[in-house]
Amino acid sequence: MSSQFSRRDWLRVSGLLTAGLGSGLRFAKAAPSVGRGQSSLGQSSLGQSSLGQSSPGQSVFVNEFATLATPPDLPKLRARLLANENPLGIAPSAKEALVKAAEIGNRYCWMEFAQLKQLIATDEGVKPENIMVTPGSSDVLMAAAAHYAKNSDQTRPDRTGPGIILTSAMTYDDLLERASDFGAKIEAVPMTKDYKYDLNAIQAKLTPDVKLVYIVNPNNPTGTVVPAADLEAFCRAVAPKVPVFIDEAYIDFYEPAERPRLGKLVSEGLNVILARTFSKIHGFAGLRLGYAVAQPDTLKSLRQYTNGEFAVGVTTIMAGIASYKDKDWQNHCRAENAKARTYTTKALADMGYEVIPSSANFILFPIRMKAKSFSNQMFANGIGIQTREFNGQPYCRVSVGTMDEMAMFMDTFKKVVG
Ligand SMILES: Cc1ncc(COP(=O)(O)O)c(C=O)c1O
């Protein structure tokens with residue numbers, strides 16, 4: 001299997017493409033695939049970072065799955081720390097709801113949809129018509145990619161060239177790759193030296209050709225966040241000109257009091273699109289549930305590219321309602337994640353590794369050996385992780401598992417790096 005074998009190909013072969021491993025790995029073919037949209041992903045300023053990056057180069061990652069001979073290797077892992085899943089599983093209340101929902105599996109679930117939308121709308125301070133429920137947030141990302149790339153079609157007489165999707169380097173690339181496939185140009189602004197979105201630099205790049213601004217907060221793979229007040233000010237300045245898409249897949253790992261509350265911007269009428277998933281803190285990566293919060297007109301446009309809300313089954317919806325209400329379970333998962341993340345960050349720092357401070361359920365840090373060899377040895381020892389390569393510097397991205405899993409990760413890491 002060559003390094004040209006992308007994660008998407010691998011997932012397709014293994015049948016896992018729809019199973020929730022969507023963790024931003026689609027640029028496995030490295031810079032050339034990004035280059036389809038003439039992305040500036042490689043023009044990073046990170047060469048000056050204190051984290052040991054050297055010369056500017058191409059932002060790529062190495063295909064960490066390349067050495068897995070067959071899909072059954074996955075269950076053999078002692079610690080599955082590669083897809084930012086919730087290691088604690090779904091809430092007991094959600095399990096109970098799942099079983100109950102099976103009894104009404106013969107019925108269309110209009111009522112349950114309405115109930116979930118109402119719950120979310122109340123929480124976000126928006127109306128139910130501002131919510132679109134999807135099987136995971138990937139559907140929202142894919143719909144936005146198709147819609148905004150289509151509306152950037154360079155063959156249209158009112159366009160001077162391909163439309164631009166403006167974003168940051170070192171970010172989640174599923175939406176970007178899809179938009180690039182549809183003909184959009186991806187422009188990625190370098191991150192700040194502390195691995196955060198540089199909102200000022202992004203704003204400075206706005207032109208009439210920019211069709212969408214894509215922001216991931218907390219960001220995958222860096223785990224960094226932009227302060228809530230800065231993000232809000234950015235949206236207020238930019239959204240009147242260009243839609244701002246904020247991918248909040250990891251937002252639930254924030255302490256609730258510190259979370260950006262951007263639903264209010266939607267209720268004020270701004271063209272902000274929030275994408276959320278139940279795959280992370282709720283543990284629904286396999287059950288598939290997500291949603292968008294946006295203007296009704298925007299949702300109407302995005303619905304053209306989805307199967308509509310009946311793509312989600314009643315079991316998932318009812319379990320989702322139970323989980324959404326179960327703040328105790330969410331608090332428990334958040335606290336356990338923070339504990340295991342702090343333990344791992346400290347253990348790596350004690351070995352002299354400079355870990356990027358993470359607000360999510362994964363950690364990124366530069367490693368001192370070749371990504372592929374590192375990845376091979378970790379997998380061979382039953383520890384599933386991911387690797388990335390930015391500016392020629394290999395990184396490990398490890399999802400935060402249970403304390404036991406993180407202890408196993410550290411033991412194996414020490415063995416592998418010598
Ligand atoms: C930043 C980000 N956005 C969106 C997703 C999509 O998640 P899902 O389709 O499982 O909801 C992921 C998955 O890992 C992610 O990391």
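Predicted model only: the values in this text are computed from it and were never measured. Start at 1 and go down the list; that is how both ligands and their atoms are numbered.
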| message | Tell me whether the rings of F409 and F365 are parallel (<30°), tilted (30 to 60°) or perpendicular (>60°). | response | perpendicular
| Relative to each other, are the rings of W110 and Y108 parallel, tilted or perpendicular (30° and 60° limits)? | tilted
| request: Check each heavy atom of A249 against ligand 1 and say whether those closer than 4.0 Å belong to the side chain, the backbone, both or neither. | output: side chain
| query | Applying a strict 4.0 Å limit to heavy atoms, is N84 in contact with ligand 1? | reply | no
| Does even one non-hydrogen atom of Y250 get within less than 4.0 Å of ligand 1? | yes
| field | Interatomic distance, M378 atom CE to I383 atom CD1 [nearest 0.5 angstrom] | value | 5.5 Å
Which ligand 1 atoms does [X] reach within 4.0 Å, using its non-hydrogen atoms?
X	result
K280	13 (C), 14 (O)
V216	1 (C)
S279	8 (P), 10 (O), 11 (O)
R288	8 (P), 9 (O), 10 (O)

| task | Run the ring-centre check on F362 versus Y250 and record whether the distance is less than 6.0 Å. | result | yes
| query | Any chance the rings of F413 and Y353 have centres within less than 6.0 Å? | reply | yes
| request: Please answer whether the main-chain N or O of A360 pairs with a side-chain N or O of N337 as donor and acceptor at a distance below 3.5 Å. | output: yes
